[in-house]
Chemist: 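Before I ask anything, here is the structure I am working with.
Proteins get letters first, then strands, A, B, ... in listed order; numbering begins at 1 in each.
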2 protein chains.
Amino acid sequence: MTREHPSNPVVLDATARQVLQVFSEKSTALFAPEAPVPDMDNCPVRDVLARVGDKWSLLILVTLSQKPHRFSALQRQVGDISKRMLTQSLRMLERDGLVSRQVFPTKPPSVEYALTALGEAALVPVAALLDWAAGAHDDIRAARRRYDAEAG
Amino acid sequence: MTREHPSNPVVLDATARQVLQVFSEKSTALFAPEAPVPDMDNCPVRDVLARVGDKWSLLILVTLSQKPHRFSALQRQVGDISKRMLTQSLRMLERDGLVSRQVFPTKPPSVEYALTALGEAALVPVAALLDWAAGAHDDIRAARRRYDAEAG
DNA sequence: CAGGATCCCTTTCGATACTG
DNA sequence: CAGTATCGAAAGGGATCCTG
């Protein structure tokens, strides 16, 4: 955060402009100096990308899209996630309103996690991205082999 | 990777099944035992998610979608990225065939980076995700306020 | 059962200095 | 200009132990 930024903003189309503005921490480098710097709590793109990009959130969401799960069942389903990370990931997802948490005061207690409507909606564009990724797999692997082959 | 996995696979629909299979390192916990364990080089979803989720790749792709950029111009546009991370990110994107790199043997040398067709195609589902994120921003922030308000 | 707290190792990434 | 090399701080994340 210490580097200097020359003021040479270029013309970006509206979509990319918005995307960059909400995404970049230092978007002032890309826009007029008087534009307000979006703080991190104000950046939905970084928020969403952080969830999508982290190790477990997406896997949890997809698992919950099948049906609601209790904590332990969720851990078994996801596979090799630790209780620590499962708890932590669920808290973030719950805080963002993507997952609901319902406690049943039985003995011993049971807690059921489920997708909210917002969580289900989130999976729509995510699924599209995953589909693209699956489709582009061959191309990516081919490019990778070419790259590694020359001057490896 | 040391935890044990009971063999209680559940029924998942085909899409989620594929997503989970390519995504989860321990997908054997979710599928039949005889299913081949996808190695990491064979997992396009993790690959793509790693690019989408990391700190700079997406910003670089969006910047390049405007027009090809030289190294220094790209660094200025992105904002507060270090040369180290810019180089590293570009190498990964180039290796995956999303970005092309062309060297002009001038003095001093100049290098131009541009999106490939694959890179442009990748931005389509990514843009959809970003659009959703922008649209869901208010809902997410509202949920967050509610969560933080109660028992903060 | 559903976590919280703690420890510690690994990876990530920024800063800095140097090179063809 | 376009990188490479090295270092250290910070974050991510697993293992383990403890609790209502």
Side-chain angles (χ1 to χ4, degrees), chain A residues 1-6 24-26 29 40 46 49-60 64 68-95 99-114 151, chain B residues 1-6 24-26 29 40 46 49-60 64 68-95 99-114 151:
Chain A
M1 315 296 178
T2 55
R3 207 170 299 100
E4 283 306 313
H5 298 283
S24 172
E25 289 182 24
K26 273 283 193 176
M40 284 305 92
R46 271 195 187 276
L49 258 39
R51 291 288 81 61
V52 170
D54 80 12
K55 201 171 177 182
W56 301 114
S57 293
L58 204 56
L59 200 48
I60 292 170
L64 288 180
H69 282 71
R70 292 175 53 185
F71 185 87
S72 294
L74 197 48
Q75 184 176 15
R76 279 191 297 274
Q77 282 301 307
V78 170
D80 61 344
I81 188 174
S82 64
K83 287 197 290 187
R84 181 184 183 277
M85 289 314 295
L86 180 56
T87 300
Q88 186 172 309
S89 302
L90 284 170
R91 290 291 173 275
M92 301 295 284
L93 294 171
E94 187 195 357
R95 187 170 110 98
V99 160
S100 67
R101 175 178 184 269
Q102 187 176 6
V103 182
F104 297 95
T106 58
K107 271 183 296 192
S110 81
V111 179
E112 186 171 276
Y113 292 92
Chain B
M1 316 299 179
T2 56
R3 207 168 302 100
E4 283 305 316
H5 298 284
S24 172
E25 290 182 22
K26 273 283 194 175
M40 284 306 91
R46 270 195 187 277
L49 258 39
R51 292 287 79 61
V52 169
D54 78 14
K55 201 171 178 182
W56 301 114
S57 293
L58 205 55
L59 201 47
I60 292 170
L64 288 180
H69 282 70
R70 293 173 53 185
F71 186 87
S72 294
L74 197 48
Q75 184 177 15
R76 280 191 296 275
Q77 282 301 307
V78 170
D80 61 344
I81 188 173
S82 63
K83 287 196 291 189
R84 181 184 183 278
M85 289 313 295
L86 181 57
T87 300
Q88 186 172 308
S89 301
L90 284 169
R91 290 291 174 275
M92 300 295 285
L93 293 170
E94 186 195 359
R95 186 171 110 100
V99 161
S100 67
R101 174 178 185 270
Q102 188 176 5
V103 181
F104 297 96
T106 58
K107 270 184 296 191
S110 81
V111 180
E112 185 171 277
Y113 292 93

Chemist: Short question: side chain of B:Gln75, backbone of B:Ile81 - any donor-acceptor pair under 3.5 Å?
Modeler: yes
Chemist: Produce a footprint string for nucleotides 1-8 of chain C: one letter per nucleotide, 5' end first; B if the base is under 4.0 Å from any protein heavy atom, S if only the sugar-phosphate is, - if neither.
Modeler: SSBS-B--
Chemist: Rounded to the Å, how far apart are B:Glu94 CD and D:dA2 P?
Modeler: 14 Å
Chemist: Are any of the side-chain heavy atoms of B:Ser57 and B:Leu93 separated by less than 4.5 Å?
Modeler: yes
Chemist: Can a side chain N or O of B:Trp56 be found less than 4.0 Å away from OP1 or OP2 on C:dT12?
Modeler: no
Chemist: Taking all non-hydrogen atoms of both residues into account, name the closest pair between A:Pro108 and A:Thr106 and its distance.
Modeler: O-OG1, 2.8 Å
Chemist: Whole-Å distance between D:dA2 P and B:Gln75 CD?
Modeler: 10 Å
Chemist: Could you tell me the separation between the CE atom of A:Met85 and the C1' atom of D:dG12, rounded to a whole number of Å?
Modeler: 7 Å
Chemist: Please report the distance, rounded to the nearest Å, between CG in B:Leu86 and C1' in D:dA5.
Modeler: 17 Å
Chemist: Rounded at 0.5 Å granularity, tell me how far CH2 in A:Trp56 sits from OG in A:Ser89.
Modeler: 8.5 Å
Chemist: Less than 4.0 angstrom between a side-chain N/O of B:Lys55 and OP1 or OP2 of C:dG14, yes or no?
Modeler: yes
Chemist: Quick one: pull up OG in A:Ser100 and CD in A:Glu94 and give me the separation to the nearest 0.5 Å.
Modeler: 8.0 Å
Chemist: How close or far is atom P of D:dC1 from atom CG of B:Leu74, stated in whole angstroms?
Modeler: 14 Å
Chemist: Out of curiosity, B:Ile60 CD1 to B:His69 NE2, how far, rounded to the nearest 0.5 Å?
Modeler: 11.0 Å
Chemist: Grab the CD-P distance between B:Gln88 and C:dT12 for me, whole Å please.
Modeler: 8 Å
Chemist: Round to a whole Å and report the spacing from NE2 of B:His69 to C1' of D:dA2.
Modeler: 16 Å
Chemist: Can you tell me how far the CD atom of B:Glu112 sits from the CD atom of B:Gln102, to the nearest 0.5 Å?
Modeler: 6.5 Å
Chemist: Please report the distance, rounded to the nearest Å, between CE in B:Met92 and C1' in C:dT11.
Modeler: 13 Å
Chemist: How far does CZ of A:Phe71 sit from OG1 of A:Thr87, to the nearest 0.5 angstrom?
Modeler: 3.5 Å
Chemist: To the nearest 10 degrees, what angle separates the axes at the start and end of the helix from C:dC1-D:dG20 to C:dG20-D:dC1, five pairs each?
Modeler: 40°
Chemist: Working to the nearest 0.5 Å, report the span between CG of A:Leu64 and CG of A:Leu90.
Modeler: 7.0 Å
